[in-house]
Enquirer: 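My questions all concern the structure below.
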Amino acid sequence: MERMSDDERALSIRVADDIGEVPAVLRRPAGATATVVVAHGAGAGMGHPFITGFCRALGDLGVASLRFDFPYRAAGRRFPDRPPVAIATWRSVMDAARAEAADGEPVWASGKSFGGRMASMAVAEGMDAAGLVFLGYPLHPPGRPEKSRDEHFPELAGVPMLVLQGRNDPFAVPNEQLDALVATLAPSAVLDWIDGANHSFEVKGAKRPAAKIGAGLAPRVAEFIATRA
């Protein structure tokens with residue numbers, strides 16, 4: 001079981017009668033200026049060091065975070081939920097985050113890979129969010145750029161959006177494909193390439209623990225949110 005820090009609080013969020021509840025962890029620093037809801041990638045849950053490092057670093061910068069597990073992960077299943085279940089989960093978790101936030105505080109949706117993609121689909125379907133932050137968007141399966149997962153992006157026009165992406169991420173090679181997609185949503189959307197980084201934001205020859213890698217992205221996110229306040 002994950003060991004939480006002293007300033008984190010465990011939550012249980014009900015999604016629907018046929019889906020049940022999902023676990024979440026809230027970290028809310030005093031005087032938080034915003035809340036970022038953070039979803040994990042397909043292969044690891046909210047307790048992965050990359051996610052915990054990212055969320056805790058956000059807290060150190062005055063930004064609250066709410067990380068959660070999708071139902072499949074909470075149930076110990078291996079394969080990700082289908083979009084309708086993942087989107088319903090996103091809606092319920094965002095509602096819970098708003099209930100914890102101060103009046104008027106912006107609540108952002110963020111996610112690693114699968115989690116971010118599901119957040120964007122939820123927003124495209126009308127989920128309220130101050131903006132989106134992608135911690136690596138899985139634009140297409142590795143080696144299959146023709147299978148682009150961007151059909152819903154026109155519905156995100158005008159939504160503040162930060163895409164953090166590794167230059168060597170096989171889900172976004174060739175880089176020009178993601179450049180072109182984000183350009184269609186400018187100026188509300190910003191693409192921030194991380195040179196040498198792969199899908200996990202690891203850089204060859206610069207070995208760092210996953211928690212530090214995640215934490216290293218937090219200042220970029222906090223700055224972007226502050227500029228959109």
Enquirer: For the atom pair CE (M94) and CH2 (W108), what is the distance rounded to the nearest 0.5 Å?
Expert: 10.5 Å

Enquirer: Are the side chain of D69 and the backbone of V22 linked by a donor-acceptor contact shorter than 3.5 Å?
Expert: no

Enquirer: Taking the inter-plane angle between the rings of F134 and Y137 on a 0 to 90° scale, is it parallel (under 30°), tilted (30 to 60°) or perpendicular (over 60°)?
Expert: perpendicular

Enquirer: Between atom CG of L135 and atom CG of L162, what is the distance when rounded to the nearest 0.5 Å?
Expert: 8.5 Å

Enquirer: To the nearest 0.5 Å, tell me how far D81 CG sits from M118 CE.
Expert: 9.5 Å

Enquirer: Could you walk me through whether T35 and E100 pass the side chain to side chain contact (heavy atoms under 4.5 Å, CB included) check?
Expert: CA-CA 9 Å; T35 294; E100 296 283 348; over 6 Å; no

Enquirer: State whether the side chain of Y72 and the backbone N or O of A42 hold a donor-acceptor pair below 3.5 Å, judged by distance alone.
Expert: yes

Enquirer: Is it the case that more than 12 heavy atoms not belonging to E21 sit under 6.0 Å from its CD atom?
Expert: yes

Enquirer: Are the side chains of N175 and R167 in contact, using a 4.5 Å heavy-atom criterion?
Expert: yes

Enquirer: For the residue pair F68 and H40, categorise the inter-ring angle as parallel (less than 30°), tilted (30 to 60°) or perpendicular (more than 60°).
Expert: tilted

Enquirer: Go through R14 and D95 one step at a time and tell me if the salt bridge (charged side-chain N to carboxylate O under 4.0 Å, His left out) criterion holds.
Expert: CA-CA 10 Å; R14 185 159 192 80; D95 287 344; over 6 Å; no

Enquirer: Are I19 and I87 connected in the hydrophobic side-chain network, where two residues link if heavy atoms are under 4.5 Å apart?
Expert: yes

Enquirer: With rounding to the nearest 0.5 Å, note down the distance linking CG in L139 to OG in S113.
Expert: 11.0 Å

Enquirer: List the residues meeting salt bridge (charged side-chain N to carboxylate O under 4.0 Å, His left out) with E105, not counting sequence neighbours, and say none if there are none.
Expert: R28

Enquirer: Is it the case that the side chain of W90 and the backbone of S120 share a donor-acceptor pair, with hydrogens and angles ignored and the cut-off at 3.5 Å?
Expert: no

Enquirer: Could you tell me whether the side chain of R149 and the main chain of P138 form a donor-acceptor pair under 3.5 Å?
Expert: yes

Enquirer: Is the backbone N or O of T89 less than 3.5 Å from a side-chain atom of S92, with the two atoms forming a donor-acceptor pair by type?
Expert: no

Enquirer: So, taking the atom named OG in S110 and the one named CG in L217, what distance separates them when rounded to the nearest 0.5 Å?
Expert: 9.5 Å

Enquirer: Check whether any side-chain N or O of Q177 sits under 3.5 Å from a backbone N or O of P145 as a donor-acceptor pair, and report yes or no.
Expert: yes

